[in-house]
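In listed order, ligands and their atoms are each counted from 1.
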Amino acid sequence: MDNTFICETQNPKEYFDCFMQGLIDRNPGEPEFHQAVAEVSKSIVPFLYENQKYVKGQVLERLSEPDRLLSFRVCWEDDKGNIRTNRGYRVQFNNSIGPYKGGLRFHPTVNQSVLKFLGFEQIFKNSLTGLPIGAGKGGANFDPKGKSDSEIMRFCQSFMTELYRHIGEDVDVPAGDIGVGGREISYMFGMYKRITNRFTGTLTGKGIEYGGSLIREEATGYGLIYFADNVLNHHNEGLQGKRCLVSGAGNVAQFAVEKLIEKGAKVLTLSDSEGFLLVREGITQDVLEEIKKLKSQGKRLKDLSGIGLEFHPGKTPWGVSADYAFPSATQNEIELEDAKVLVESGVKGVFEGANMPSTNEAIEYFLKENILFGPAKAANAGGVAISALEMSQNNIGLSWPREKVDGELQVIMKRIHSTCVKYGEKDGKTCYITGANIGGFVKVADAMLSFGVY
Ligand code: NDP
């Protein structure tokens, strides 16, 4: 059956159903990708019908097909001398407004569906930053947990011996994501530099000594809190003295906690895949520093000991009574049942640090219950925004001071908030999902229409 049909209808709801059916038929076995496209399309389709040039130009259909999808073998030798084989990917989704840009994820759950969902989300997120960056995502089904430093190095170097031919400072600029931090970026950048014999800003998240940007490490977590602060101020509320739940214990979670502490909030939890840490009196900067140290040594939250620190194995933090939640671990960590538990726990605002941490059913429930909801593509855009500023610094050969980059981050998160309000306000209420989706869509869609059909 031809599943590239045109959905000819004047009814937006029918168009959405028809479009989604075609997408599912064309991309079988990719549930995460279907979920991400459905979430965006639901709020965009009515806007398309008000602006028929996008329907006529088949922009949504074109936007949901990646420019290019690369998959490749990555062989490496473990410490026992065994030859191991993993699969690497790069999804170059859309470069209408700038070079492909998005992180690399090393995690056993990585597959084509997960990377397509992440790459698709990245289109809107990167556009929302207001900076000239297209969208991509990549990674491998490699599990860094329990691997030695030498094994990580060999894997990263092998990964780059294929990836290097597809990237470049004006082509595609990868960064980190789950399982890829400063150490991994350094190994990959070193190999890229060696193979190409060029020193360019082709990866971001680099070390400060060789082209990295100050604040990049903090940017996603800090940006999340700046965004939440903007949303709360817009609703005459604030973070001071508020009880907050954070999930995850990695890059995003750690710096979200740091900024929350600075804003006077009381952070009660962190988590990892083994359970959650509860600190009833609130996590202090000292405890956070301990956690950072522990994590940098590859240890687990359960290894942390001290007065007032309770580890709850096999559980999520959502049942702890609180005001706001910041899911910052991974996709679909808040299902409908978790959403109900959060609302029962008194939570009045959810701000997504991770990518797509809430299922579409959970989001529906939050909206029904009038929970303030900051979607990932707006709330966690600070990381990629500062990556773009790292690219700018590399291009002009300068390194900006911490205050300047942090100042830019605050301006960018404020601008993202204003864009969400501009496109998401209706009857005096702001829907941040609609605002982020349409706000991210317009610039990319208009650029695509200008280029004509190809
Ligand atoms: P890290 O690898 O630094 O940390 C991930 C954290 O999430 C770890 O504590 C990990 O626990 C936990 N986690 C991962 N998978 C699961 C799972 N299935 N169940 C429970 N916990 C889990 O990643 P980041 O902090 O960089 O990324 C977190 C999220 O934020 C991801 O969705 C990422 O895409 C998103 N993001 C990250 C950005 C960045 O700049 N880093 C930018 C924008 C979005 P464990 O160690 O036990 O696996």
**Q** Taking 4.0 angstrom as the limit, do E258 and K263 come out as a salt bridge?
**A** no
**Q** Please report which non-hydrogen protein atom sits nearest to atom 27 (O) of ligand 1, along with the residue it belongs to and the distance in Å to one decimal place.
**A**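 Nearest neighbour among protein heavy atoms for atom 27 (O) of ligand 1, to 0.1 Å: I178 CG1, 3.6 Å.
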**Q** Applying side-chain hydrogen bond (donor to acceptor under 3.5 Å, both in side chains), can you list everything that pairs with E65, at least two apart in sequence or on another chain?
**A** none
**Q** Can you pull out the closest protein heavy atom to atom 4 (O) of ligand 1? Residue, atom name and distance to 0.1 Å, please.
**A** G250 CA, 3.3 Å
**Q** May I ask you to decide if the ring planes of Y210 and F189 are parallel, tilted or perpendicular, using 30° and 60° as cut-offs?
**A** parallel
**Q** When you measure from atom 5 (C) of ligand 1 to each heavy atom in A376, G248, A329, which option holds the nearest one?
**A** A329
**Q** Using distance alone, determine whether V252 and ligand 1 share an N or O pair under 3.5 Å.
**A**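 In this structure, V252 places an N or O atom under 3.5 Å from an N or O of ligand 1.
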**Q** Looking at ligand 1, does any of its N/O atoms fall within less than 3.5 Å of an N/O of K125?
**A**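 There is no such contact.
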**Q** What protein heavy atom sits nearest atom 11 (O) of ligand 1, and how far away is it?
**A** D272 CB, 3.4 Å
**Q** With sequence neighbours excluded, tell me which residues meet side-chain hydrogen bond (donor to acceptor under 3.5 Å, both in side chains) with E364.
**A**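 Counting only residues at least two positions away or on another chain, E364 forms a side-chain hydrogen bond (donor to acceptor under 3.5 Å, both in side chains) with K42.
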**Q** Which residue from I386, N355, N380, V384 reaches closest to atom 32 (O) of ligand 1 through any of its heavy atoms?
**A** N355
**Q** I'd like to know if R280 pairs up with E310 as an ion pair, taking the criterion as any Lys NZ or Arg NE/NH1/NH2 lying under 4.0 Å from an Asp or Glu carboxylate oxygen.
**A** yes
**Q** Out of R300, E274, E333, who gets a non-hydrogen atom closest to atom 47 (O) of ligand 1?
**A**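 Minimum heavy-atom distance to atom 47 (O) of ligand 1 goes to R300.
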**Q** Where is the nearest protein heavy atom to atom 48 (O) of ligand 1: which residue, which atom, and how far?
**A**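 The closest heavy atom on the protein side is K145 NZ, 2.9 Å.
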**Q** For atom 2 (O) of ligand 1, find the nearest protein heavy atom and state the residue, atom name and distance (0.1 Å precision).
**A** G179 N, 3.1 Å
**Q** Please state which option from T220, D177, L301 has its nearest heavy atom closest to atom 43 (C) of ligand 1.
**A**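 Nearest heavy atom to atom 43 (C) of ligand 1 lies in T220.
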**Q** Output yes when E162 and R165 qualify as a salt bridge under the 4.0 Å nitrogen-oxygen rule, no when they do not.
**A** yes
**Q** Under 4.0 Å between a side-chain nitrogen and a carboxylate oxygen: does that hold for R216 and E390?
**A**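 No salt bridge links R216 with E390.
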**Q** Specify the protein heavy atom at minimum distance from atom 14 (C) of ligand 1: its residue, its atom name, and the distance to 0.1 Å.
**A** T330 CB, 4.1 Å
